[in-house]
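Quick notes on the structure that follows.
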There are 2 protein chains.
Amino acid sequence: MNKPTTIHDIARAANVSSATVSRVLSNSSYPVSKAKRERILSLAEEMNYVPNLLGRQLKGSKSTTIGVIVPSIMNPFYSSVLFGIEEIARQNNFTVIACNSLHDPLLEDEYIRTILEKQIKGVVISSISSDKSQFKSMIKAGVHVIAIDQKIEEDQISQIEFDYQKGGHLATKFLQSKGHTRIGYVTSKVDRPSRKSILSGYMEAMKLEGLEPLVEESKADFVDNALSEFDTGKMLTARLLGRPVPPTAIFACNDMMAFGVIRELSERNIRVPQDISVIGFDGIDLGQMINPQLTTIKQPDYEMGKLACKMLLDKMNGADVPAYDIILQPELLERGSVEPR
Amino acid sequence: MNKPTTIHDIARAANVSSATVSRVLSNSSYPVSKAKRERILSLAEEMNYVPNLLGRQLKGSKSTTIGVIVPSIMNPFYSSVLFGIEEIARQNNFTVIACNSLHDPLLEDEYIRTILEKQIKGVVISSISSDKSQFKSMIKAGVHVIAIDQKIEEDQISQIEFDYQKGGHLATKFLQSKGHTRIGYVTSKVDRPSRKSILSGYMEAMKLEGLEPLVEESKADFVDNALSEFDTGKMLTARLLGRPVPPTAIFACNDMMAFGVIRELSERNIRVPQDISVIGFDGIDLGQMINPQLTTIKQPDYEMGKLACKMLLDKMNGADVPAYDIILQPELLERGSVEPR
DNA sequence: TTGTACGCGTTATCAA
DNA sequence: TTGATAACGCGTACAA
């Protein structure tokens with residue numbers, strides 16, 4: 001483990017000043033004679049020169065790292081988002097640090113602090129915190145922020161939203177169009193804007209048709225873990241079936257939960273979709289792998305990640321882009337878990 | 001976007017030298033009078049001081065970032081690993097950069113180069129490359145490396161392996177113990193040590209019982225995408241069923257593929273497990289959510305990540321730990337997709 | 001076209 | 001107990 005070679009080492013070896021070496025090795029447009037340039041280049045190769053980005057950044061205050069803060073990459077939705085972000089980042093020679101906030105505002109704060117300390121200048125975040133002071137300090141520090149999934153009401157923060165309300169409406173409407181009138185909605189704790197919007201879309205659609213809503217909400221604090229969502233789905237389904245007049249269709253606030261719904265029904269020998277129809281929300285790939293294939297609302301995760309990263313890089317390149325927002329539209333993925341009443 | 005305050009700003013405001021400020025703010029054990037210490041602390045608070053880690057690292061050459069290189073976090077196995085790593089990293093105030101190598105050695109090289117440039121001192125990698133020169137340069141640069149999942153034959157690199165061979169053996173043996181003799185094995189391209197080992201475990205177990213192996217291998221180059229594995233599973237199952245004497249049990253090299261196997265069978269109205277038994281390999285949570293629940297070999301993903309990160313941090317803390325390897329043992333997760341013949 | 005010299009923010013060494 | 005100063009590796013005015 002010997003010390004890495006620096007531009008000074010090369011300068012000495014090439015009998016030039018370190019300034020000249022720097023000019024060559026940092027792809028500066030500064031003119032350097034062909035002879036020296038070539039000598040320096042070959043020497044750098046030979047001596048295994050690796051630029052030290054710390055030094056470079058300390059000087060230039062440009063960072064090639066972006067931070068991504070999401071609740072949990074155990075949730076396939078967020079791992080797709082992260083994957084999309086990383087793909088675009090990679091293509092632009094940026095690197096991504098992955099942070100799981102686990103729905104804990106304190107952890108989120110901690111990550112933001114770290115990001116500030118590491119002089120990172122771009123962040124994509126699905127925020128759980130309602131405290132905006134951290135965002136203000138990021139912006140003051142020149143950090144560009146893109147909010148995905150969960151809206152942040154704050155100037156200078158661009159949003160990539162998803163129309164959850166419309167998604168909730170669309171799913172409910174679809175079940176109605178298949179002749180269902182007793183439509184249950186199962187949801188984990190309605191503690192975030194996105195959850196509220198889906199619920200509100202459902203309520204609205206029910207009201208519009210003069211139907212009585214059947215909502216079961218888990219009060220459990222969130223653990224973003226596929227299995228816990230699954231179990232919640234089972235439990236809430238059991239509750240729904242315990243009602244005097246059970247539903248003929250069940251709408252779940254996410255796909256994992258829908259899997260739980262289907263499982264609970266199967267265990268009770270209730271056939272899906274012949275006896276009860278099920279619709280999910282997310283559109284993760286796994287939905288195509290279960291039996292029956294899950295009809296669901298597609299939320300473009302991977303695309304959302306790519307979009308967010310593009311937007312972020314644009315802003316960081318100082319293109320002085322107007323802070324536009326994007327609202328992605330829901331799409332119905334009709335597969336096999338819904339049948340006419 | 002005003003300039004961030006530095007220790008010099010605080011020094012000026014407190015009428016002390018920046019050295020004193022540094023001693024206070026970096027939690028140095030160096031003695032500083034109580035009065036000054038408090039003045040500096042409150043001033044730092046007041047002036048919103050955020051330490052610049054670039055400066056600190058440039059000086060100290062200690063990094064609080066680790067790199068993680070895996071084929072793709074779209075694969076739930078690797079996102080679990082990453083999650084486990086990140087959890088331990090977070091607890092130790094480390095940050096994780098996530099890299100998807102997409103099974104491309106060139107990309108892997110590129111990431112390693114970036115890691116070197118960013119002066120990162122610790123890496124967890126599931127390597128696809130057979131070229132060891134990159135690892136040598138990492139080690140020369142003082143980067144500590146932990147290889148997971150895919151073995152790297154190289155001194156100074158600790159391994160966290162999984163006994164794939166035994167896993168393949170175990171799965172096959174289990175099917176045999178249920179009275180199956182015509183056992184098919186479906187696998188994506190056998191291009192990596194892990195794949196070779198599982199296959200060899202299967203072959204060995206078949207040979208031991210004097211049974212004829214039935215192997216279907218996809219020759220398609222790898223795209224680490226859940227859906228492509230799923231489709232491969234379907235396709236290979238179709239091939240298996242086209243044989244003169246089709247199998248009564250199918251062993252898939254990963255869970256995603258097993259899902260595909262089950263789907264293909266269902267579409268042909270072949271019941272699982274009544275007509276044909278299926279066993280997977282990985283033990284991802286989703287296996288509990290499908291119908292029937294997938295019997296499989298558990299590979300401890302999350303635990304592997306945690307272990308890898310702990311090991312890495314130990315090494316980085318210079319505990320001069322002997323470079324021990326860990327071989328995790330397979331475990332059979334008996335669920336509902338296998339039935340006696 | 002080249003080199004000198006400074007500063008980025010921090011910590012460590014040395015002297016006071 | 002404190003402070004001045006020299007690094008760390010790099011890029012860039014400025015001067016030559």
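Side-chain atoms are counted along with the backbone in the values below, which use heavy atoms only and exclude waters and symmetry mates. Proteins come first, then strands; the chains are lettered A, B, ... in the order of their sequence lines, and each starts at number 1.
At C:dT2, one or more side-chain N or O atoms of A:S33 fall inside 4.0 Å of OP1 or OP2 (strictly under the cut-off). Within the structure, a side-chain polar atom (N or O) of A:T20 is placed less than 4.0 Å from OP1 or OP2 of C:dG3. When the side-chain nitrogen and oxygen atoms of A:K36 are compared with OP1 and OP2 of C:dT2, one or more of them lie within a distance under 4.0 Å. Under 4.0 angstrom from either OP1 or OP2 of C:dT11 there lies at least one side-chain N or O belonging to B:R56. Taking 4.0 angstrom as the limit, A:S17 places none of its side-chain polar atoms (N or O) nearer than this to OP1 or OP2 of C:dT4.
A:P51 comes within 4.0 angstrom of sugar-phosphate atoms only, judged by non-hydrogen atoms across all strands, and of no base. B:S22 comes within 4.0 angstrom of a base, heavy atoms only. Across all strands, A:T6 comes closer than 4.0 Å only to sugar-phosphate atoms, never to a base (heavy-atom distances).
A:D131 and A:S129 form no side-chain donor-acceptor contact under 3.5 Å, judged by distance and modelled atom types alone. A:D149 and A:Y78 share a donor-acceptor pair across their side chains, judged by distance under 3.5 Å alone.
Across the protein-nucleic acid pair, A:Y49 atom OH and D:dG11 atom C1' stand 11 Å apart, rounded to whole Å. Spacing between atom CG of A:L25 and atom P of D:dC10 amounts to 9 Å, rounded to whole angstrom units. The distance between atom CG of B:L54 and atom P of D:dA7, rounded to the nearest whole Å, is 22 Å. Whole-Å rounding puts the A:N52 CG to C:dT10 C1' distance at 14 Å. Residue B:D9 contributes atom CG, which lies 10 Å from atom P of C:dC8 at whole-angstrom precision. Nucleotide C:dG9 holds its P atom 13 Å from the CD atom of A:Q57, rounded to whole Å. Straight-line distance from the CG atom of B:L58 to the C1' atom of D:dA7: 9 Å, rounded to whole Å. Rounded to whole Å, atom C1' of D:dG3 lies 7 Å from atom CZ of B:R23.
Closest-nucleotide positions on DNA chain D for B:S18 and A:S28 were compared, and the one nearer the 5' end corresponds to B:S18.
Here the side chain of B:V16 is nearest to one of D:dG3, C:dG9, D:dC10, namely D:dG3. Ranking C:dT2, C:dT10, C:dT4 by closeness to the A:V32 side chain, first place goes to C:dT2.
On a pure distance criterion of 3.5 Å, a polar donor-acceptor pair joins the side chain of B:K59 and the base of C:dT11. Contact of B:Y30 with D:dT2 (side chain to base): a donor-acceptor pair of N or O atoms is detected under 3.5 Å.
Taken from CD1 in B:I160 to CG in B:D325, the straight-line distance is 9.0 Å, to the nearest 0.5 Å. For the atom pair CD1 (B:I69) and CG (B:L82), the distance works out to 12.0 Å, reported to the nearest 0.5 Å.
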CA sep, side-chain torsions, deciding dist, call: A:R90, A:T95, side-chain contact (heavy atoms from CB on, under 4.5 Å): CA-CA 6 Å; A:R90 183 197 327 130; A:T95 257; over 6 Å; no
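A salt bridge between B:K136 and B:E154 is present, with a side-chain N of the basic residue lying under 4.0 Å from a carboxylate O of the acidic one.
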